[in-house]
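In what follows, a structure is listed as structure tokens, so that the remarks can point back to it.
Sequence positions, counted from 1, serve as the residue numbers for this chain.
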Amino acid sequence: MSDQTQLWNSVLSDMEANLSRANFSTWFRNTYIARQEEGVITVAVPNEFVKEWLSTKFHKMILKSLRELSDGVRGVEYIIHKGEKKSSPDIPHTKTMCSSEELPLSDLYIDKQSNLNPKYTFDSFIVGSFNTLAYAASQAIIKKPGIVYNPFFVYGGTGVGKTHLIQAIGNYLKKDMGKNVMYLTSEKFLVEYISSLQNDTVNVFKEKYRTYDVLIMDDIQFLSNKEKTQEELFHVFNTLYDANKQIVFSSDMHPNFIPGLEARLKSRFNAGMIVDISQPEFEARTSIFSMKAQEKGLLLDPQAIEYLAMTVEGNIRELEGVLNTVSCHAQIKNNIITLDDIKAIVRGTNKPKSIISFKDVTKIVAGFYSIEEKDIYEKTRRKEVVKPRQVVMYLLREDYNASYPLIGKKLGGRDHTTVMHSYEKMRNDLSNDDILRNEVDQIRALL
């Protein structure tokens, strides 16, 4: 290993210790020292986008680290890799409409044996505080599949990266460990099972799913109230689990709250690791916009990226949608796009926040707990009603800043002290009750 390589590895260690995983992975991947002459170190970077970001955002950190590690360092310069394919080529000047762009082959190719899409890897998975636990668990799983966190259950709203993560597990175990992996949706499992019943090939169906080393099933919530299919999944689960085969599930909600899901399946899911993925926070949105812009060959300055991350909220899919619009505008303007252009685009694409009424909250909470909406307004102390009513009071106060007297008035003319008591009780209970916290999070997602 050369002195330059050792020096840059030490710098990278410093950066990794002081930056989030998302920032480090996005900006320092595929960088190295190209040369060192007369006290000036030249760092090679993969594209213009990374060059711009390192020279404006991380230059002082890099220079400080280099000076602490090596005497005589006067400055740092950045160049794009020569003789190598840039990871973010310039957008061609074209009159082709954005909607007619062809998808890359990696988006179209699905492995016929495993149903996995090879584009879903850990290298392209952006890690932030919104998914750190899920990512860490997946890393433990690929080191000891079938032993730790089995089954592994990931839940969260649409577009937050659940499918990417669980397929990344499958792709790693298939490619790097030679495992026999099967990825499918619960709907496909359901269709195959029904077909086997119709064609009298149930035994073939059963044997097929018992041969896999890794079974990954997406969108498990679609098996709600499908009793026979749930029973078959239960038996497949037990066979694989007893043989220490890795099982991975995803859903849009915690398994305990999937209606019509058998108790014995819920029990099996809870015996493993259950983690949620929320919507990305500011830092993660910054990394997402940065990485996706690089993939599209879209040259945006750091101020534009920060503005997008600050003003555009939502899941990863929604962030990509906004960036696609920016990319279209960039093509139309020959890749010359300003911060003012970005602001105009965001104003046109940001969805207005929906206005939530008292009735909306009570209706959704009642539906979540499977009670009648009118029960929340009545003066009853039935246990199955008291808890949902307290949840309504808590959300109206905590999330929508409604006054205690107004909440009491809207919920059947109750005294404001009753509302205060319910609110404080919920706050205390939420600090100690993981199940209640999950319930409130699910309701918030529905709202």
Side-chain angles (χ1 to χ4, degrees), residues 22 26 49 87-89 91-92 94-108 117 119-121 124-131 134 154-168 185 218-219 250 252 276-355 444-447:
T26 301
F49 196 74
S87 61
S88 59
I91 297 173
T94 175
K95 294 182 180 179
T96 304
M97 296 301 291
C98 299
S99 59
S100 65
E101 290 178 351
E102 293 184 8
L103 288 171
L105 288 176
S106 61
D107 285 350
L108 301 173
N117 188 327
K119 77 169 185 174
Y120 290 129
T121 66
S124 58
F125 187 78
I126 297 174
V127 183
S129 61
F130 72 111
N131 60 11
V154 183
Y155 72 96
T158 183
V160 295
K162 301 188 301 296
T163 296
H164 188 148
L165 181 66
I166 64 177
Q167 287 211 37
T185 64
D218 219 341
D219 294 326
S250 85
D252 62 359
D276 72 306
I277 299 180
S278 58
Q279 293 199 356
E281 78 295 340
F282 169 74
E283 187 180 62
R285 293 198 299 272
T286 302
S287 295
I288 291 166
F289 277 125
S290 302
M291 182 174 285
K292 298 299 180 182
Q294 289 185 58
E295 291 173 1
K296 295 176 183 297
L298 184 60
L299 301 180
L300 299 176
D301 62 40
Q303 289 75 25
I305 292 290
E306 287 188 353
Y307 179 82
L308 284 170
M310 190 176 299
T311 56
V312 180
E313 297 180 357
N315 59 47
I316 297 173
R317 207 170 292 158
E318 289 170 332
L319 302 186
E320 282 194 87
V322 172
L323 201 59
N324 285 338
T325 305
V326 173
S327 181
C328 288
H329 282 261
Q331 290 188 41
I332 293 169
K333 300 186 67 174
N334 292 329
N335 210 21
I336 299 172
I337 192 160
T338 66
L339 182 57
D340 287 338
D341 293 329
I342 297 287
K343 291 179 178 179
I345 292 167
V346 169
R347 282 196 299 270
T349 57
N350 256 354
K351 296 181 295 185
K353 294 186 181 296
S354 56
I355 298 173
R444 280 174 166 147
L446 292 171
L447 287 167

Distance check, rounded to the nearest 0.5 Å: [X] atom [atom1] versus [Y] atom [atom2]?
X      : Y      : atom1 : atom2 : answer
Asn324 : Leu298 : CG    : CG    : 10.0 Å
Glu281 : Asn131 : CD    : CG    : 8.0 Å
Ile288 : Ile316 : CD1   : CD1   : 4.5 Å
Asp301 : Leu339 : CG    : CG    : 6.5 Å
Ile126 : Ser287 : CD1   : OG    : 6.0 Å

Hey, does [Y] have a side-chain heavy atom less than 4.5 Å from the side chain of [X]?
X      : Y      : result
Phe289 : Leu300 : no
Thr158 : Asp252 : no
Val312 : Arg285 : no
Phe130 : Gln279 : no
Leu319 : Lys292 : no
Leu308 : Val322 : yes

Where is the tightest heavy-atom contact between [X] and [Y], given as atom of each residue plus distance?
X      : Y      : value
Ala284 : Gly128 : CB-CA, 4.3 Å
Ala293 : Leu323 : N-CD2, 3.5 Å
Pro280 : Asn315 : CD-CA, 4.2 Å
Ile277 : Ala134 : CG1-CB, 3.9 Å
Phe282 : Met310 : CE1-N, 3.7 Å

**Any side-chain donor near an acceptor of the partner, Thr163 and Asp218, under 3.5 Å** =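 Yes, Asp218 and Thr163 have a side-chain donor paired with an acceptor closer than 3.5 Å.
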**Request:** Check the angle between the aromatic planes of His164 and Phe125 and answer parallel, tilted or perpendicular using the 30° and 60° thresholds.
**Result:**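 Ring orientation, 0 to 90° scale: perpendicular.
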Between the main-chain N or O of [Y] and the side-chain N or O of [X], is there a donor-acceptor pair closer than 3.5 Å?
X      : Y      : value
Lys162 : Gly157 : yes
Thr121 : Ala168 : no
Thr325 : Gly321 : yes

